[in-house]
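Please read these numbers as outputs of a predicted model, since none were measured by experiment.
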Amino acid sequence: MDLYKGIIKGDIASLAKGITLIESTLYEDEKRAQELLKNCLPKSGKSIRIGITGIPGVGKSTFIENFGKLLTNKGKKVAVLAIDPTSEKTQGSILGDKSRMHKLSSDKNAFIRPSPNRGTLGGVASKTRESIILCEAAGFEIILIETVGVGQSETTVKKLVDFFLLLMLAGAGDELQGIKRGIMELADALVITKADGDNKQKANNAALEYQRALHLFPAMENGWTTKVSTCSALENKGVVKIIEAIDTFNNKMINNNWKIKNRIEQNSYWLHLKIKEELGNKKYKSLVDSGKIKLLEKELEKGKTIQQLIEY
């Protein structure tokens, strides 16, 4: 397949066409999309996947552009999968992330792909997982998933990434949210953005409040302690510290084998979810009760795609 050859050579146009193919809802595209995924799967899995979420106005796009440029300047290949909300009325999306990140979008070591969420809950699009596989096959070392940005419900992205970064604003009434369960306890790092000018002291105070609140949460299974910091993407302050924290996290999770374990668990999660979606709860229950679901999980670990297993 020419598309596959282009993707593994790192051709951006082929990668964009490949993602368009797997996002297609046309029946005639489905077989080609599955064949492409099957071929790309063995070439994937070598990146660090980072989920970035936060409320609208927190500065996700500004942060990602600054963050991404620091990485590409070091020679890293960075892919940004930006999820935009879909209108309930028109079923359309603005998809304006490339224009908001004009410096990063023109960088030869970067790839930005906005996708509509088409009503999918959790801040991600229905084919984000598959898009990650294609980006990795194209040689991208760091995959950033920018969620829709609707707040506490955006936890699905945690099932797609290695590192989950939560961006927060100081003085937006969110300090009290720090003692609540939900998205807060899933974050591997919590960053107070726009820590510049008159807002700098407010950001520092908010960071202290969140640090205290996080002590109320149980320790993470992987042994990681959530990091709290401040940053100003406009003044390029604090972003390097976040990159260093992610590097430390990645090395630690590779050394204790948690990264592999987590990815296996994530794949199983998506397998179970897709079976329920496409075959229904009754069929899912029969697979669980008979023990066949365990066999499907083993086949998934061997490199089969979820769609192949569902059709099987």
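The side-chain contact (heavy atoms from CB on, under 4.5 Å) test applied to K9 returns no partner, not counting sequence neighbours. Residues satisfying the side-chain contact (heavy atoms from CB on, under 4.5 Å) criterion with S44, sequence neighbours excluded, are L41, I133, E136. Not a single salt bridge (charged side-chain N to carboxylate O under 4.0 Å, His left out) links D198 to another residue, sequence neighbours left out. Listed by chain and number, the residues in a salt bridge (charged side-chain N to carboxylate O under 4.0 Å, His left out) with K43 amount to none (sequence neighbours excluded). For K302, the salt bridge (charged side-chain N to carboxylate O under 4.0 Å, His left out) criterion is met by E299, not counting sequence neighbours. Partners of K77 by salt bridge (charged side-chain N to carboxylate O under 4.0 Å, His left out), not counting sequence neighbours: none found.
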Taking distance alone, no hydrogens or angles, what donor-acceptor pairs closer than 3.5 Å link side-chain atoms of residues 275-283 to residues at least two apart or in another chain?
residue : atom : partner : partner atom : Å
E278    : OE1  : Q307    : NE2          : 3.3

Would you list the atom pairs, donor with acceptor, under 3.5 Å between side chains in residues 228-236 and any protein atom, with sequence neighbours excluded?
residue : atom : partner : partner atom : Å
S232    : OG   : D196    : OD2          : 2.6
S232    : OG   : E235    : N            : 3.1
E235    : OE1  : K237    : NZ           : 3.4

Got a list of side-chain donor-acceptor pairs under 3.5 Å for residues 212-223, not counting sequence neighbours?
residue : atom : partner : partner atom : Å
R212    : NH1  : E209    : OE2          : 3.1
E221    : OE2  : K261    : NZ           : 2.9
N222    : OD1  : W224    : N            : 2.9

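For the salt bridge (Lys or Arg N to Asp or Glu O under 4.0 Å) condition, no pair includes a residue of residues 240-259, sequence neighbours left out. For residues 46-80, the pairs satisfying ring pair (Phe, Tyr, Trp, His ring centres under 6.0 Å) are F63-F67, with sequence neighbours left out.
Other cluster members for I264: I260, joined by side-chain heavy-atom distances under 4.5 Å among Ile, Leu, Val, Met, Phe, Trp and Tyr.
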